[in-house]
Amino acid sequence: MKHLRKWASLLLAAAVVLVTIPAMRLEANAKSSVKTRQEAVTWLKAQNNATYDFNGANGTQCVEFVKAYVNWLLTGNPWKDCWNRPTLNGNQIWKNSLWAELGWKVYYNTADFVPQPGDIFSAGVSAGNHTGVVISSDAKKAVIADANARDGDWSNGDPVLIHTINWKSASSDTAYGATHFIRPVFSSTPAPSYNYSSITPGKYYLKHNATGTYLNVSGGTDANKQNIGLKTYEPGNRAEQLNITAAADGYKMRPLCSGSRLVNAWGSSPSSGANVNLYDDAGESSQWWKFEKVNGGYIVHNAYVPSCVLDVDGSNVLIRTRTGGAGQIWTLVPVEHTCRFDKFAYYRQAHPHYNCYECSICGKVQENRNEPNVLDSCAECQRASARPGDLDGNGEVTIQDVMEACKALARQSVGKNPTSDELARGDLNGDGKFTITDVMEICKILARQV
C-alpha cells in the first residue's frame with residue numbers, strides 16, 4: 001500500500017510537470033507586437049474604406065482585414081505577410097495555431113465578458129462565420145472595424161467599415177455572436193511621437209539643405225530599383241521634380257521622369273541604412289512619406305518606419321534613424337515659382353562680385369538686374385561655391401565625378417558645351433575649357449584622397 005501511495009505521488013508530480021511545461025513554453029514564446037494598444041486603436045480608426053484583397057479574388061474578405069491587422073501589429077506593414085499558414089474562415093480563426101506560437105491568449109465568450117480594444121473576435125458556428133477587430137466595447141455594445149460587412153452578400157467582399165454593433169450571444173450563430181476573442185500582446189513602449197505637417201499636393205523639388213543639392217533619379221531613368229541620389233539644381237530637369245500626392249498615411253512622391261513609380265525605401269522590411277530608389281506603386285507604407293516641420297525646412301519620415309528619415313551618404317540618398325541633424329533637413333521648392341533673388345550672395349567664399357543675389361526659394365544665383373552687363377547666372381559665384389572636381393555637386397570628389405566628367409566630354413564632342421556649373425567645377429587647370437586634361441586632374445585628386 002505504501003508503494004502504491006509512493007507511485008501515485010510520482011505520477012501526480014509527473015502530471016504537474018507535463019501540464020506546467022506547455023504553459024512555461026507558451027510564456028517563453030510570447031511575442032509582443034511592435035505597436036502599443038493605443039497605436040492599434042489609432043490605426044484601426046483610420047481604416048474605414050481600406051481594402052486588403054490578398055488573393056485578388058472576391059474583394060476584401062473579413063479574414064483578410066484581420067490578417068492585415070496582425071501583419072501591421074507585428075511588422076508595422078499590413079502587407080508584410082506574417083500569417084504563413086492556411087487562412088481559416090472567420091468562425092474558425094480562433095483555432096489558428098499562430099496565436100499559441102505568439103503567446104496571444106484566446107478567450108471563450110461569456111455573457112459578462114468585456115472585450116478590450118484591439119481584440120480580434122471570431123463569430124458564428126456555420127451561418128454567422130465572421131471576424132473583425134474591437135475598437136471599444138462593453139459587454140453589450142461595441143465599436144468595431146470589419147470588412148465584408150456593408151451588405152448581405154458575403155461572397156463579394158467590401159472595404160473595411162467602422163461601425164457600432166450589439167453583441168449577440170455566443171450560441172446565436174450570427175455575424176456578431178462572438179464565440180471567441182483573441183488578445184494580442186501589445187508593446188509597452190510607445191513609438192516616438194512626431195509633429196507632422198500637412199503638405200499642399202503639387203510639384204516640388206526636394207532640396208538637401210546641407211549640400212544645396214536636390215533629390216534626383218539617377219540618369220532620369222524610369223525603371224524599378226533605379227537609384228535615387230543628389231544632384232545640382234537644373235531648371236526643368238524632370239528627374240529632380242516630384243509630384244507629391246496624398247497617400248493613406250502620409251504622401252507619395254513620384255518623380256516626373258516616371259509615369260507611375262515612386263520614391264521607395266528598398267526592402268521587404270526597410271530599416272535604418274536602407275537605400276532609396278524608384279519602384280512601382282505597390283500601395284505599401286514604405287513608399288509613403290511624412291513631413292516633420294523643423295527650423296529651416298522639413299525632416300522627411302518613412303511611413304513604414306517613422307523613426308527613419310531621408311538622409312544622405314555622399315551623393316546617395318537612404319533612410320537613417322532620425323537624429324535631427326542638419327544632414328536630415330530638406331526644403332520643398334515649388335517647381336512653379338518666381339525667383340526672388342532676395343538673399344545677398346556675397347557670403348560665398350572669395351569672388352569679385354558684391355552685387356550678386358541668391359533666390360531664397362531655389363538657391364539660384366544671378367547678378368542684380370539693376371547693374372549693367374547682367375548675366376542669366378553669375379558664373380563667378382557658381383565657381384566660388386563649387387568644389388573643384390565635384391561634378392555632381394555633392395560636396396565630395398568621388399569616382400562618380402570622373403564618370404560625370406566623361407559624360408560632359410562626350411556631350412561636348414557632339415556639340416553640346418558644358419554648362420557654366422560644369423565648367424566652374426570641372427575646369428581644374430583654369431584655361432576656360434573642359435578637356436581630358438581636366439578629367440586627369442580629377443583622377444589625381446582621387447588618388448591623393450586614397
Side-chain angles (χ1 to χ4, degrees), residues 199-209 211-247 250-267 270 274-289 291 297-298 300 302-303 309-319 330-337 339 359 361-364 377 390-394 398 400-401 403-408 410-411 414 416-422 425:
I199 301 299
T200 301
K203 296 178 175 63
Y204 296 88
Y205 297 96
L206 192 58
K207 178 183 177 182
H208 185 239
N209 285 15
T211 62
T213 53
Y214 293 75
L215 187 137
N216 175 279
V217 178
S218 296
T221 304
D222 183 14
N224 280 336
K225 302 183 186 179
Q226 186 69 11
N227 197 55
I228 289 178
L230 295 175
K231 197 167 184 179
T232 52
Y233 172 67
E234 294 180 355
N237 184 352
R238 294 172 67 83
E240 293 181 349
Q241 298 173 353
L242 303 170
N243 186 29
I244 298 182
T245 57
Y251 297 87
K252 299 177 183 180
M253 297 194 291
R254 177 181 65 82
L256 295 191
C257 66
S258 173
S260 60
R261 294 184 174 93
L262 304 175
V263 176
N264 169 79
W266 179 244
N275 196 44
V276 172
N277 58 17
L278 198 62
Y279 209 80
D280 288 333
D281 184 351
E284 296 189 359
S285 57
S286 58
Q287 299 176 314
W288 305 338
W289 305 90
F291 294 82
Y298 294 95
V300 186
N302 186 261
V309 302
L310 283 183
D311 203 334
V312 301
D313 182 9
S315 62
N316 191 48
V317 177
L318 69 168
I319 60 170
W330 303 75
T331 297
L332 283 170
V333 179
V335 170
E336 299 296 333
H337 72 276
C339 287
C359 172
I361 300 175
C362 66
K364 182 179 179 182
S377 62
D390 179 20
L391 268 292
D392 60 10
N394 70 346
T398 66
Q400 184 63 37
D401 295 303
M403 300 302 295
E404 292 298 323
C406 291
K407 291 177 185 177
R411 290 194 298 270
V414 293
K416 187 175 180 180
N417 291 328
T419 65
S420 57
D421 185 60
E422 287 174 331
R425 296 173 183 276

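As the structure is a computational prediction, the values presented were derived from the model and not from experiment. We count residues from 1, following the sequence as given.
The closest side-chain heavy-atom distance from Pro201 to Ile244 is not below 4.5 Å. Side-chain atoms of Val312 and Trp330, non-hydrogen and from C-beta on, do get closer than 4.5 Å to each other. Counting only heavy atoms from C-beta outward, the side chains of Ser258 and Leu278 approach each other to under 4.5 Å. Side chains of Pro270 and Ile319 form a contact here, defined as non-hydrogen atoms less than 4.5 Å apart. Counting heavy atoms from C-beta on, the side chains of Ser218 and Gln226 come closer than 4.5 Å. Side-chain contact between Leu206 and Leu332 is present, with heavy atoms from C-beta onward closer than 4.5 Å. Using a 4.5 Å cut-off on side-chain heavy atoms (C-beta onward), Tyr233 and Val333 make no contact.
Taking CH2 of Trp288 as the reference point, atom NZ of Lys252 lies at 7.5 Å (rounded to 0.5 Å). For the atom pair CG (Leu318) and CG (Asn302), the distance works out to 11.5 Å, reported to the nearest 0.5 Å. Separating the CG atom in Leu256 from the CG atom in Asp222 is a distance of 11.0 Å, to the nearest 0.5 Å. Here the OG1-NE2 distance, from Thr331 to His208, works out to 10.0 Å after rounding to the nearest 0.5 Å. For the atom pair Thr232 OG1 and Asn237 CG, the distance stands at 9.0 Å (nearest 0.5 Å).
Partners of Arg238 under the salt bridge (Lys or Arg N to Asp or Glu O under 4.0 Å) rule, at least two apart in sequence or in another chain, do not exist in this structure. Here Trp289 pairs with nothing under the ring pair (Phe, Tyr, Trp, His ring centres under 6.0 Å) rule; sequence neighbours left out. Not counting sequence neighbours, the partners of Tyr279 by the ring pair (Phe, Tyr, Trp, His ring centres under 6.0 Å) test are Trp266. Take Arg254 and apply the side chain to side chain donor-acceptor pair (under 3.5 Å) test, not counting sequence neighbours, and it matches no residue. Judged as a salt bridge (Lys or Arg N to Asp or Glu O under 4.0 Å), and not counting sequence neighbours, Lys203 has no contacts. Scored by the salt bridge (Lys or Arg N to Asp or Glu O under 4.0 Å) test, Glu240 finds no partners at all (sequence neighbours excluded).
Ring-plane geometry between Phe291 and Tyr251 is classed as perpendicular, the angle between the planes exceeding 60 degrees on a 0 to 90 degree scale with a lower cut at 30.
Nearest heavy-atom pair, Gly220 versus Ala239, reported as atom, atom and distance to 0.1 Å: CA-CB, 3.7 Å. Between Gly314 and Leu230, the shortest heavy-atom contact is O-CD1, 4.0 Å.
None of Asp281, Asn277, Asn224 except one satisfies the side-chain hydrogen bond (donor to acceptor under 3.5 Å, both in side chains) rule with Arg261; the exception is Asn224.
For Thr211 (side chain) and Thr213 (main-chain N/O), a donor-acceptor pair under 3.5 Å exists by modelled atom type.
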**OP:** I would like to know whether Met253 and Ile228 meet side chain to side chain contact (heavy atoms under 4.5 Å, CB included); could you show each step before the answer?
**Re:** CA-CA 12 Å; Met253 297 194 291; Ile228 289 178; over 6 Å; no

**OP:** Check the pair Gln241 / Tyr205 against side chain to side chain donor-acceptor pair (under 3.5 Å), numbers first and verdict last.
**Re:** CA-CA 5 Å; Gln241 298 173 353; Tyr205 297 96; 3.0 Å; yes

